[in-house]
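Written out below as structure tokens is the structure these notes cover.
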Amino acid sequence: MIFALTSSVIAPLVGLVALLLVAGFPRLHPYKRFVVPASAGFSFIAVLFAPLEPVQTVVLFHWQPSIFVGVSPAFVAEPRLWFLALAFSGAVAASALVQLGRIAEPRFPLDGSVLGMLAAGLAGLWAANPLTLLLAWAGFDLSWGLGAVAGGFRLRRVAWGAGLGGLAVLALWAGALVAGEHGSAVSWDLMNLSGPGGVLLLVAGFLRLGLYPCHLTLPEERGRPLPAVAPLLLGGTLGWWLLARVTMSGGAALLAAPWLEAVAVASFVGGGVLAWTRPGSAAGWPWIGLAALGALLWAGLRTGDGVATVMVAGGAAWALGATLLCLDRGLERGAPWWSVAPAVGGLTLVGAPATLGWVPMTQLLRSLSPLTPWRTVAFVVGYGLLVAGVARRLLRRAVVEEPVGSLLAAARVAGLALPALLLLGAGLFPTHLLSDAGLGALSRPGLLGWGLWLAGLIVGVALFWVGRRYRERLGALLGLVHDLVRLEWLLRLVLESMERLIAFLGALADVMEGPGAILWALAIFLLVLRVIVGR
């Protein structure tokens, strides 16, 4: 039995039991705030020491009778995918520590959902076969739904997220059946991912990422959210893992499909537009995360050799960077040091040098060419919007918080420092944290790449200045653009059209099955008779 793999998943489950005990005894309620940070911290430490153990498959239990399934749930710590699990557990632990530094506490269901997502997410990131991943995704969706309701999401948004997660699970299941024919689904490396099965798995990964236009599951930033809400964004980490796993198992050629790049670019540019045009001073971090997700994914799709390493680096940079931006409270002039870690997260999302985001960004810059002008224009525009959105988020005025004691302040410092150190450490020393199996094939951007990066940076600074200076004058126009690109109106139109269609069919059924049923039956009989006689 591998201790680190199992204990990283068991620790959140033990935390869930502890939460139930605390909820049942009122005298233990003051200790509730320590349950989630302790469980998440222990889980992170277990993931951190996982590479010290031998790489072997751990069968959790055997299905009986095995003839109906053919495979049992199992874990394995793939070295090339380990840092993605470390980033996921580190992001959850960071949000729990920062939440510990707040006097306002989340409700029991939100704490329970965070631990449930942590356990199910790590189970998916350790999945040795598709069956384990299916079970993990189902558990994650259940925990996410509970957390979304407890976190104040609108019911329509929760329903949309649950439906999208169900489609992702269905696509994963269908892809596993097609690619794992003749019993080859016992391991990812034995599956045939070069055909339709691999395509279905890619579709499942893209649905799990929540790319544009499937972005309506993102939370709405109304006021200042609790730090405990940050893990609700991390479901995309499971999608990153699946894409990297597919490329490692012989499905890298599938990434050349044009529709994949189109979705990534649409998310890059569309998310940037939403982040820059969003009304208010909070500058929504969910839209910044969407834009960065598209940019980092685009980089992975444009990478040749070493694509799995770029996917892992992009997924880890996105998870940690988006979490830091969510935890940011704004720039406080009297205490600017609180903005250092969120600034590292923002720089990572824009792919600045010396951060983890620079690893995939270099591959994207290297792949751009003057022969494809639409790609260069899309990069400069999208990168400029992303930079402007990140700057708007980081440089906003800080929100006044309640005073806390030294212990709670130390927890907040630890929560902000943990993901920042991971991002800087992986950016400065990628061979120590990322697998060096794919780093040797990666190259640095040339002169054209540096020029495009500088052009996008200049566009971003200009957009930030224009938005800060003329936002009040352009408020109506920016609000219109934001509403159009957000596509809420389209979803509402589709749902209302379906509702009207269902009402019409219901009324038609009432007429045909009610008083006029005999006349309709007679008319249909005469029509059939006319057709027969006419022949």
*Do the side chains of Leu110 and Gln99 get nearer than 4.5 Å, heavy atoms only?*
no
*Would you kindly say whether Trp126 and Thr132 are connected by a side-chain donor-acceptor distance under 3.5 Å?*
no
*Side-chain heavy atoms of Leu81 within contact of Val312, under 4.5 Å*: yes
*asked:* Before you tell me yes or no, could you show the steps for Met117 and Leu232 under side-chain contact (heavy atoms from CB on, under 4.5 Å), namely the whole-Å CA-CA distance, both residues' side-chain angles and the distance that decides it to 0.1 Å?
replied: CA-CA 8 Å; Met117 286 188 292; Leu232 295 175; 3.5 Å; yes
*asked:* For Trp259 and Phe206, I'd like to know if the aromatic rings sit close, meaning centre-to-centre distance below 6.0 Å.
replied: yes
_Please determine whether side-chain contact (heavy atoms from CB on, under 4.5 Å) holds for the pair Glu78 and Trp241, giving the CA-CA distance in whole Å, both sets of side-chain angles, and the decisive distance to 0.1 Å._
CA-CA 11 Å; Glu78 174 61 44; Trp241 185 92; over 6 Å; no
*If the plane angle is over 60° it's perpendicular, under 30° parallel, otherwise tilted; pick one for Trp453 and Trp358.*
perpendicular
*What heavy-atom pair brings Ala204 and Leu242 nearest, and what distance separates the two atoms?*
CB-CD2, 4.0 Å
*Between the main-chain N or O of Ser367 and the side-chain N or O of Arg302, is there a donor-acceptor pair closer than 3.5 Å?*
yes
_Testing the basics here: between Val76 and Ala127, what is the closest heavy-atom pair and its distance to 0.1 Å?_
CG1-O, 4.3 Å
*Gap between atom CG of Leu131 and atom CH2 of Trp173 - 0.5 Å precision*: 12.5 Å
*asked:* Tell me every residue that passes side-chain hydrogen bond (donor to acceptor under 3.5 Å, both in side chains) with Trp137, counting only those two or more places apart in sequence or in another chain.
replied: none
_Minimum heavy-atom distance Leu296-Ala317, with the two atoms named_ = CD1-CB, 4.4 Å
*Report the residue from Leu118, Leu97, Asp111 that forms a side chain to side chain contact (heavy atoms under 4.5 Å, CB included) with Val36.*
Asp111
_Any non-hydrogen side-chain atom of Phe268 less than 4.5 Å from a side-chain atom of Leu386?_
yes
*Decide side-chain contact (heavy atoms from CB on, under 4.5 Å) for Arg278 and Val273; before the verdict, give the C-alpha distance in whole Å, the side-chain angles of both, and the deciding distance to 0.1 Å.*
CA-CA 8 Å; Arg278 183 189 185 278; Val273 171; over 6 Å; no
*Heavy atoms, side chains only, cut-off 4.5 Å: are Phe379 and Leu365 in contact?*
yes
*Kindly give the heavy-atom pair with the smallest separation between Leu293 and Leu209, and that separation in Å.*
CD2-O, 3.5 Å
*Check the pair Phe88, Leu234 against side-chain contact (heavy atoms from CB on, under 4.5 Å), reporting the backbone distance first and the verdict last.*
CA-CA 7 Å; Phe88 175 76; Leu234 298 179; 3.8 Å; yes
*Leu201 versus Arg245: any side-chain heavy-atom pair under 4.5 Å?*
no
*Quick one: OG on Ser8 to CZ on Phe44, what's the gap to the nearest 0.5 Å?*
12.0 Å
*Val169 side chain reached by Arg208 side chain, heavy atoms, under 4.5 Å*: yes
*Taking side chain as C-beta onward, heavy atoms only, is Leu325 less than 4.5 Å from Leu349?*
yes
*Heavy atoms, side chains only, cut-off 4.5 Å: are Val9 and Phe75 in contact?*
yes
*For the residue pair Leu327 and Pro227, what are the closest heavy atoms and their distance?*
CD2-CB, 3.6 Å
*Using side chain to side chain contact (heavy atoms under 4.5 Å, CB included) as the criterion, point out the one residue from Val114, Leu115, Thr237 that pairs with Pro231.*
Val114
